[in-house]
Amino acid sequence: MLGPVILAASRSDKMRRLVSAAPGTKQVVARFIAGETVGDVVPIVQELTDRGLEVTLDVVGEDITTVEQSYAARDAYLELIGRLKELGLGARAEMSVKLSMFGQSLENGHELALANVRPVVEAAAEIGTTVTLDAEDHTTLDSMFAIHEELRKSFPQTGCVIQAYLFRTEDDARRLAENGSRVRIVKGAYKEPASVAIQDKPEIDKAYVRIMKILMDGEGYPMIGSHDPRLISIGQELARRAGRKLDEYEFQMLYGIRSEEQNRLAAEGHRMRVYTAYGTDWYGYFMRRLAEKPANLLFFVRSILTKG
């Protein structure tokens, strides 16, 4: 199984240096990362929204080690929101944030992450958009859900992410569906032990379907994060059975993956949001994209060989 090996490599400084130095890396990374700066990503946001798509923006970066870095992450999102405001793009572009970037793993990290993310959520609300809290490894989730609950007291549109492969997720989905939350469901891209996560892919898919049904039957707003045609089709059918209109749920896919399918869903009237990452600290995000789909790894290796 290549996935666990690649996920382990995503934490390796040696592999980071090796991959960064590879001749074909820049070309392949550009497939998944929309650029390094706000100036790079804004034209892409405009192009995507002009095609009838919506966007969620992620300033990539994880595993910070200082409080100052957490402030820098906060300020990067505030800069992004300022640019979206200038261009009038707030209604079509939301933000996705990883609380690890906001200091969650540091001393007093829960309080620090909440203090850093709150002004980002406030600024997003001022331009008519919102923020979704990304899910990370299972040890961080109780803190993430507590921050989500706290933010929703003033900003009920704040979203969160749940991961189908975790045993806890069906219970989390029921609670969030009852609360009327915006919830993105993904399969899960972190290396988790068998004590907390399903390891068999077909069983993960079954769990994904069960969780979709919980969300579609609930009071919240489901966001189906998947590139799997079968799961997308099942999501459409579950939405129909639940009596949901096309604007009462959405699909989400990664920038650079299945663009034709993204356009097709949007043309059919579905809300289709493109998860668009940018920034200089791209390595961890990039490696998880490789781990999720072996074809991405083959594409990467082929590019290195042809550039060598």
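We number each residue from 1, following the sequence as shown. Predicted model only: the values in this text are computed from it and were never measured.
Side-chain atoms of H227 and L254, non-hydrogen and from C-beta on, do get closer than 4.5 Å to each other. Put simply, the side chain of R74 does not reach to within 4.5 Å of the side chain of M101, judged on heavy atoms. Contact of the E47 side chain with the R51 side chain is registered, since non-hydrogen atoms from C-beta on lie closer than 4.5 Å. For the pair V42 and L87, the minimum side-chain heavy-atom distance is below 4.5 Å. Two residues are said to be in side-chain contact when any heavy atoms from C-beta on lie closer than 4.5 Å; F251 and R273 fail this criterion. Looking at L112 and Q104, their side chains never come closer than 4.5 Å, going by heavy atoms from C-beta outward.
For the 3.5 Å distance criterion, the side chains of T65 and Q69 qualify, holding a donor opposite an acceptor. Side chains of T132 and E94: a donor-acceptor N/O pair is present below 3.5 angstrom, by distance only. Using modelled atom types and a 3.5 Å distance limit, the side chains of D172 and T169 yield no donor-acceptor pair. If you check the side chains of Y221 and R271, you find a donor sitting under 3.5 Å from an acceptor. For the residue pair D200 / Y165, no side-chain donor-acceptor distance below 3.5 Å is found, with atom types taken as modelled. A donor and an acceptor atom, one from each side chain of Q262 and E260, are nowhere located under 3.5 Å apart. Between the side chains of S181 and N179, not a single donor N or O lies within less than 3.5 Å of an accepting N or O. There is no side-chain donor-acceptor pair under 3.5 Å between N116 and Y71. In this structure, a donor-acceptor pair under 3.5 Å is absent between the side chains of Q163 and H138.
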For the pair K206 and E203, evaluate salt bridge (Lys or Arg N to Asp or Glu O under 4.0 Å) and give the outcome as yes or no after the intermediate values. CA-CA 5 Å; K206 291 177 184 177; E203 292 304 315; 3.2 Å; yes
Could you go step by step and tell me if Y278 and E36 meet the side-chain contact (heavy atoms from CB on, under 4.5 Å) rule? CA-CA 5 Å; Y278 74 99; E36 294 191 348; over 6 Å; no
Take L99 and L114, measure what side-chain contact (heavy atoms from CB on, under 4.5 Å) needs, and give me the verdict at the end. CA-CA 8 Å; L99 293 175; L114 176 58; over 6 Å; no
Does the side-chain contact (heavy atoms from CB on, under 4.5 Å) test come out yes or no for L89 and I127, once each step is laid out? CA-CA 9 Å; L89 291 172; I127 68 167; over 6 Å; no
Please lay out, stage by stage, how M253 and I232 fare under the test side-chain contact (heavy atoms from CB on, under 4.5 Å). CA-CA 11 Å; M253 297 186 192; I232 291 168; 3.3 Å; yes
Going through the distances and angles, do D40 and T37 end up as a side chain to side chain donor-acceptor pair (under 3.5 Å)? CA-CA 5 Å; D40 293 333; T37 68; 3.3 Å; yes
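Put simply, the side chain of T130 gets close to the backbone of Q157: a donor and an acceptor are under 3.5 Å apart. With hydrogens and angles ignored, the 3.5 Å screen pairs a side-chain donor or acceptor of R92 with a backbone N or O of L53.
A side chain to side chain contact (heavy atoms under 4.5 Å, CB included) with P222 is found for exactly one of E250, R182, R244, M212, namely R244.
Hydrophobic clustering (ILVMFWY, side-chain heavy atoms < 4.5 Å, transitive): Y77 and I44 are in one cluster. Residue L133 is grouped with residue L80 when hydrophobic side chains (ILVMFWY) are merged at heavy-atom distances under 4.5 angstrom, including chains of intermediate members. Both L231 and V183 sit in one connected hydrophobic cluster of ILVMFWY residues. Membership requires side-chain heavy atoms under 4.5 Å apart, directly or through other members. Cluster membership for V55 and M223, using ILVMFWY side-chain heavy atoms within less than 4.5 angstrom, is not shared. Criterion: ILVMFWY side-chain heavy atoms under 4.5 Å apart, direct or through other members. Under it, L265 and I185 are part of a common hydrophobic cluster.
When every heavy atom of A124 is checked against every heavy atom of V131, the shortest pair comes out as CB-CG2, 4.0 Å. In terms of heavy atoms, L141 sits closest to R168 at CB-NH1, 3.7 Å. Residue E192 comes nearest to L166 through the heavy atom pair CG-CD2, 4.1 Å, listed as atom of the first residue, atom of the second, then distance. Nearest heavy-atom pair across A113 and I147 is CB-CD1, 4.0 Å. Heavy-atom minimum distance, I81 versus A123: CG2-O, 3.7 Å. Shown here for S96 and D134, the closest heavy-atom pair between the two residues is CB-OD2, 3.7 Å.
Between K187 and D228 there is a salt bridge, since a side-chain N of the basic residue sits under 4.0 Å from a carboxylate O of the acidic one. Taking the charged nitrogens against the carboxylate oxygens, R175 and D171 have no contact shorter than 4.0 Å, which rules out a salt bridge. Of the charged side-chain nitrogens involved, none lies within less than 4.0 Å of a carboxylate oxygen, so that E149 and R152 do not count as a salt-bridged pair. The existence of a salt bridge linking R118 and E150 is confirmed by a sub-4.0 Å separation between a basic side-chain nitrogen and an acidic carboxylate oxygen. With respect to E261 and R264, a salt bridge is recorded, a charged nitrogen being found less than 4.0 Å from a carboxylate O. Checked for salt-bridge contact, E178 and R174 miss the test: no charged N lies under 4.0 Å from a carboxylate O. Salt-bridge check for R241 with E237: passed, with a basic side-chain N closer than 4.0 Å to an acidic carboxylate O.
The number of heavy-atom neighbours closer than 6.0 Å to CD of E107, taken from other residues, nucleotides and ligands shown, is 12 or below.
Note that CD of E136 is 4.5 Å distant from OH of Y190, once rounded to the nearest 0.5 Å.
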